[in-house]
Visitor: 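Questions regarding the structure given below will be posed in turn.
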Number of protein chains: 4
Amino acid sequence: MDDITDPANLPRRKLSREERRLQLIEATISVIAENGFARTTLGEVARRAGLSHGLANFHFESKEKLLAATLDHLSDEYRANWQAALAVAGPHPADRIAALIAADFAPVICTPDRLAAWCAFWGEAQSRPLYQAHCGSNDAEYQRLLDGLCRELLALGGYPGDAVRMARVLRVTTEGVWLDLMTMQAPYDRDEALATVWAVAAAFFPRHFGPEGRLTV
Amino acid sequence: MDDITDPANLPRRKLSREERRLQLIEATISVIAENGFARTTLGEVARRAGLSHGLANFHFESKEKLLAATLDHLSDEYRANWQAALAVAGPHPADRIAALIAADFAPVICTPDRLAAWCAFWGEAQSRPLYQAHCGSNDAEYQRLLDGLCRELLALGGYPGDAVRMARVLRVTTEGVWLDLMTMQAPYDRDEALATVWAVAAAFFPRHFGPEGRLTV
Amino acid sequence: MDDITDPANLPRRKLSREERRLQLIEATISVIAENGFARTTLGEVARRAGLSHGLANFHFESKEKLLAATLDHLSDEYRANWQAALAVAGPHPADRIAALIAADFAPVICTPDRLAAWCAFWGEAQSRPLYQAHCGSNDAEYQRLLDGLCRELLALGGYPGDAVRMARVLRVTTEGVWLDLMTMQAPYDRDEALATVWAVAAAFFPRHFGPEGRLTV
Amino acid sequence: MDDITDPANLPRRKLSREERRLQLIEATISVIAENGFARTTLGEVARRAGLSHGLANFHFESKEKLLAATLDHLSDEYRANWQAALAVAGPHPADRIAALIAADFAPVICTPDRLAAWCAFWGEAQSRPLYQAHCGSNDAEYQRLLDGLCRELLALGGYPGDAVRMARVLRVTTEGVWLDLMTMQAPYDRDEALATVWAVAAAFFPRHFGPEGRLTV
DNA sequence: GATGAATGAGCCTTCATTCAT
DNA sequence: GATGAATGAAGGCTCATTCAT
């Protein structure tokens, strides 16, 4: 009855807290991406994770907290991604800006599921306080960093213009092409998306960002 | 009891089909903006319009169709706005591009409610087929137009670069700053938003779009 | 504006009270037959009658009363039918019983719509008081008549058995084959239905009801 | 507060799936019988079962499927009843026909609630496809059996007549007296109902079915 | 008479949450 | 830890009824 060698007992083996949480968070991203915020239910999340209905509540206490944890996960993952990219980038501001741009289209980050989940969080007014609470500081950190890099490169290159606006354009262009990838019926591919953001950098910093997607420092 | 000024008697006043539909659509935009897609209920829409919930179904048959009609309304309104702007713009491509950019930030269009509603429709996976069906052709028309104008201006000004990408950047930058206006805790104002998009145009077409938000043809 | 020769005014011409009522009752029978009791709505009845929604209530005050009037109509029609059949039948009890049986399968009465409506009224518990109130006396009259005829024929023919039971069997067999016509996937036709009831009469009164559906008095 | 005898705690007691399903099906039969098809609501069914309305959907997914399960239950119960009766009946066709007739008036089957529910399913056009899908095969099996028995007895006894029609009359007479029990204000009792069907058998097969409800083989 | 907009009660269904096992 | 039965609030929708026009 309690034979641990019985295969029927195997699926029931208890996973660690953290493993279960991650499993449920990934399922949540997937469900949000596919069904949208409005039709994301705990039941569907649990089903996709191959778990029972009640377990999601057991691990996260409430749907609200599961969504918050999901947003946290996405935000941390995003931050870790660009930080890793920065770590291996050269010291020149153009290098670092290029690294940040490229990082946004890394295969781990620029996944259909993850893009759709981001869009859902942006679009849902209900989630705005959630978003502020969980991504606000990460976003602000990113923005300060990009602002600084643009200011440095502006000074180095003697370019005209407003660094804050340029940083903003770089950021929102990325978000915009992400939206395109979600919204359009026959969207362009990830390379074209990256090239589009690169074109912005090339327009702002023509002597550093070449037309062919290469740095020309 | 028969006091016609009694507000309780007002809802029973009959309006024409079109007036009621518009009233309900405006209420829908308002509710989506405030509560998000997931928490937009027929009941709340009706309450905000000061009507009974049954009336929404009477006029639109279902929630789905009310949302579709709302999206149609937004889409038509947006299209009418930029077409009107084009109608009074000069023939030069720079004039026309500037008109299109400015139109996106017209007070009628760039309303908090309307921006939030647009974002909600973009973000909700559930509404993607709806969006395609109701805005797809308008979007495509806008994009073709902007593509053509960029191509003309590129040729006229002897600028380097890819017209399609430039048109795309102009469009997604607008969407991006709209998102900022929705997402940020302390967003910049509409003028700064417009200036941001203008900065893109100035970077792409420096001899036509001056740094001060003025055409320099 | 009030040109009576304008063809557009023709469909609006006001019908007499009785014509409208009949029109609505026929529509009700049709809707009950097709959709069943549970899905019979005033709206559908009005639509099928080609009239406006509110008119049904205007003429019948409530749905309940429309159904009652429909049942009255069916009941009166049924009664009128067998009374007419009796009026032209000979005086012999066998003649009169045969006339009653045949009357139940007259093309005017034994219509799919009407059968289905009868079944609906029988089946719907809710309508049982309604049924009693509106058909009870007609049913009782019919039953007394048939009881009497069976008693006479029993005496005349020297048959054994209980007249009341025989009358009951004749009646319920008719109802039963009606139900068959409604319930079965591939029911037999009206002639076979009539032959079935005739077979009962032939079993009870073999010297009067021949095997070939002919009286053998 | 934790008193297990407190009735308020009872509903929270968990039962197995099958027990709950049966409980809800019995409640459904009862509500259909009392209120009719049109006024059978999940809420009323749940209330009568002493459960929450959500549970009905939990166990049956939809009202439609609850009704289908109810019909299945009735149909299986009916079939099991006459099969059990056949199992203990003698081999002679008259014995078997008599067993079938008597089975239809067994106290378990011929309950007011169950009769009313049957009538409701017959009468409601909406439920006709449901009926075909769930009772069609059982009905056909019963009919084939009765056809065969009548044919055998006809041959054995040298009776004139059409076996199929006789079988049909036996069946519809049963249904008809059932309807009487439902429809009439002061119906006769179950014994008289049985005697009525017996009278039919006696008329068809006089040398086997005696006038006193006894087989005379 | 006739129309159809408007109301609101009531239904079916979904789903977050609780909790006995 | 894990399961899944049970609850009940809330949402979408239908429809009988009312009533201004």
Side-chain angles (χ1 to χ4, degrees), chain A residues 11-17 20 38-46 51-64 66, chain B residues 2 4 9-17 19-20 38-46 50-64 66, chain C residues 11-17 20 38-46 51-64 66, chain D residues 2 4 9-17 19-20 38-46 50-64 66:
Chain A
R12 294 271 185 127
R13 112 194 123 83
K14 296 163 184 175
L15 289 182
S16 78
R17 227 182 148 64
R20 280 281 186 247
R39 294 192 183 168
T40 292
T41 68
L42 285 188
E44 181 59 25
V45 167
L51 298 174
S52 79
H53 187 170
L55 205 54
N57 262 310
F58 181 84
H59 280 290
F60 290 95
E61 291 179 68
S62 74
K63 183 187 183 183
E64 177 84 1
L66 169 60
Chain B
D2 274 273
I4 200 168
N9 290 331
L10 283 182
R12 198 74 199 213
R13 275 256 307 292
K14 288 185 170 184
L15 289 181
S16 76
R17 272 191 105 73
E19 286 171 295
R20 276 283 182 253
R39 294 193 183 167
T40 292
T41 68
L42 283 188
E44 183 58 27
V45 168
L51 300 170
S52 74
H53 67 268
L55 200 55
N57 270 311
F58 178 81
H59 282 291
F60 292 95
E61 290 179 75
S62 74
K63 184 188 181 184
E64 174 89 11
L66 170 59
Chain C
R12 294 269 184 127
R13 114 193 122 83
K14 298 162 183 177
L15 289 181
S16 77
R17 224 180 152 67
R20 280 282 187 244
R39 294 192 183 168
T40 292
T41 68
L42 285 188
E44 182 58 26
V45 168
L51 299 175
S52 79
H53 187 169
L55 205 55
N57 263 310
F58 181 85
H59 280 290
F60 289 96
E61 291 178 69
S62 75
K63 184 186 181 182
E64 179 85 359
L66 169 60
Chain D
D2 274 274
I4 201 168
N9 290 331
L10 282 183
R12 198 75 200 212
R13 274 257 306 295
K14 288 184 170 186
L15 289 181
S16 76
R17 274 191 103 74
E19 286 171 296
R20 276 282 182 254
R39 293 195 182 166
T40 292
T41 69
L42 283 188
E44 184 57 28
V45 168
L51 300 169
S52 74
H53 66 267
L55 201 54
N57 270 310
F58 179 81
H59 282 290
F60 291 95
E61 290 179 74
S62 73
K63 184 188 181 183
E64 174 89 12
L66 170 60

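First the proteins, then the strands, lettered A, B, ... as listed; each starts at 1.
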Visitor: Measuring from atom OG1 of T41(B) to atom NE2 of H53(B), what distance do you get when rounded to the nearest 0.5 angstrom?
Guide: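 Reported value, rounded in 0.5 Å steps: 10.5 Å.
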Visitor: How long is the line joining CD of E61(C) and P of dT17(F), in whole Å?
Guide: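 After rounding, the reported distance stands at 10 Å.
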Visitor: Taking the P atom in each of dG1(E) and dT21(F), what is the distance between them to the nearest angstrom?
Guide: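 Pairwise P distance, dG1(E) against dT21(F), rounds to 22 Å.
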Visitor: Base, sugar-phosphate alone, or nothing: which one does S16(D) contact when heavy atoms must sit under 4.0 Å apart?
Guide: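 No contact at all - S16(D) keeps every heavy atom at 4.0 Å or more from the nucleic acid.
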Visitor: Does the side chain of F60(A) reach to within under 4.5 Å of the side chain of R20(A), using non-hydrogen atoms?
Guide: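 No; the side chains remain at least 4.5 Å from each other.
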Visitor: Taking atom P of dT21(E) as reference, at what distance in whole Å does atom CZ of R17(D) sit?
Guide: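 Atom CZ in R17(D) sits about 18 Å away from atom P in dT21(E).
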Visitor: Looking only at side-chain atoms of L55(B), point me to the closest of dT7(E), dA16(E), dA6(F).
Guide: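 From the listed options, dT7(E) comes nearest.
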Visitor: Rounding to a whole Å, what distance do you find between E44(B):CD and dG12(F):C1'?
Guide: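 Rounded to the whole Å, the gap is 15 Å.
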Visitor: If you take atom types as modelled and just measure distance, does the side chain of H53(B) reach the base of dA6(E) with a donor-acceptor pair under 3.5 Å?
Guide: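 Not at all, since no donor on one side and acceptor on the other fall under 3.5 Å apart.
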Visitor: In terms of side-chain heavy atoms of S52(D), which of dC15(F), dA2(E), dT7(F) is nearest?
Guide: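 Comparing dC15(F), dA2(E), dT7(F) against the side chain of S52(D), the answer is dT7(F).
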Visitor: Rounded to whole angstrom units, what separation is found between the CZ atom of F60(D) and the C1' atom of dA6(F)?
Guide: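 Distance, rounded to whole Å: 15 Å.
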Visitor: Closest approach to the side chain of N57(C), judged atom by atom: which nucleotide of dT17(F), dA2(F), dC12(E) is it?
Guide: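 Looking only at side-chain atoms, N57(C) lies closest to dT17(F).
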Visitor: When the nearest nucleotide of DNA chain E is assigned to G43(D) and to S62(A) on a heavy-atom basis, which residue is associated with the more 5' position?
Guide: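 Comparing both residues, the 5'-ward one is G43(D).
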Visitor: Pairing check on dG11(F): which nucleotide meets the Watson-Crick or G-U wobble criteria with it, both distances under 3.5 Å?
Guide: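 Its partner is dC12(E).
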Visitor: Expressed as a whole number of angstroms, how long is the span from K63(A):NZ to dA10(F):C1'?
Guide: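 So the two atoms are 13 Å apart, to the nearest Å.
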Visitor: For L51(A) and T40(C), take the nucleotide of DNA chain F holding the closest heavy atom to each; which residue's nucleotide lies nearer the 5' end?
Guide: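 With L51(A) and T40(C) compared, the 5'-side residue is L51(A).
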Visitor: Between R17(B) and H59(B), which heavy-atom pair has the shortest distance, and what is it?
Guide: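 Closest pair (atom of R17(B), atom of H59(B), distance): CA-CE1, 4.2 Å.
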Visitor: Using whole Å, report how far CZ of R39(A) lies from P of dG12(F).
Guide: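 Those two atoms, CZ and P, are 11 Å apart.
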Visitor: Whole Å only: how far is the CZ atom of F58(D) from the P atom of dT17(E)?
Guide: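 Rounded to whole Å, this separation is 17 Å.
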Visitor: Would you say the side chains of S16(D) and E19(D) form a donor-acceptor pair under 3.5 Å?
Guide: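 There is such a pair (donor and acceptor under 3.5 Å, judged by atom type) between the side chains of S16(D) and E19(D).
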Visitor: In whole Å, what is the span from the CG atom of L42(C) to the P atom of dT7(E)?
Guide: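 Value for this atom pair: 20 Å.
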Visitor: Show the nearest heavy-atom pair for residues A46(C) and S52(C), with the distance to one decimal.
Guide: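 Between these two residues, the closest heavy atoms are CB-O, 3.5 Å.
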Visitor: Start at the 5' end of DNA chain F and walk down; is the nucleotide closest to T41(B) or to H59(D) reached first?
Guide: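 Nearest-nucleotide comparison on DNA chain F picks H59(D).
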Visitor: Look at the side-chain N and O atoms of R20(B) and state whether any lies under 4.0 Å from the OP1 or OP2 oxygen of dA5(E).
Guide: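 Negative; the distance criterion is not met.
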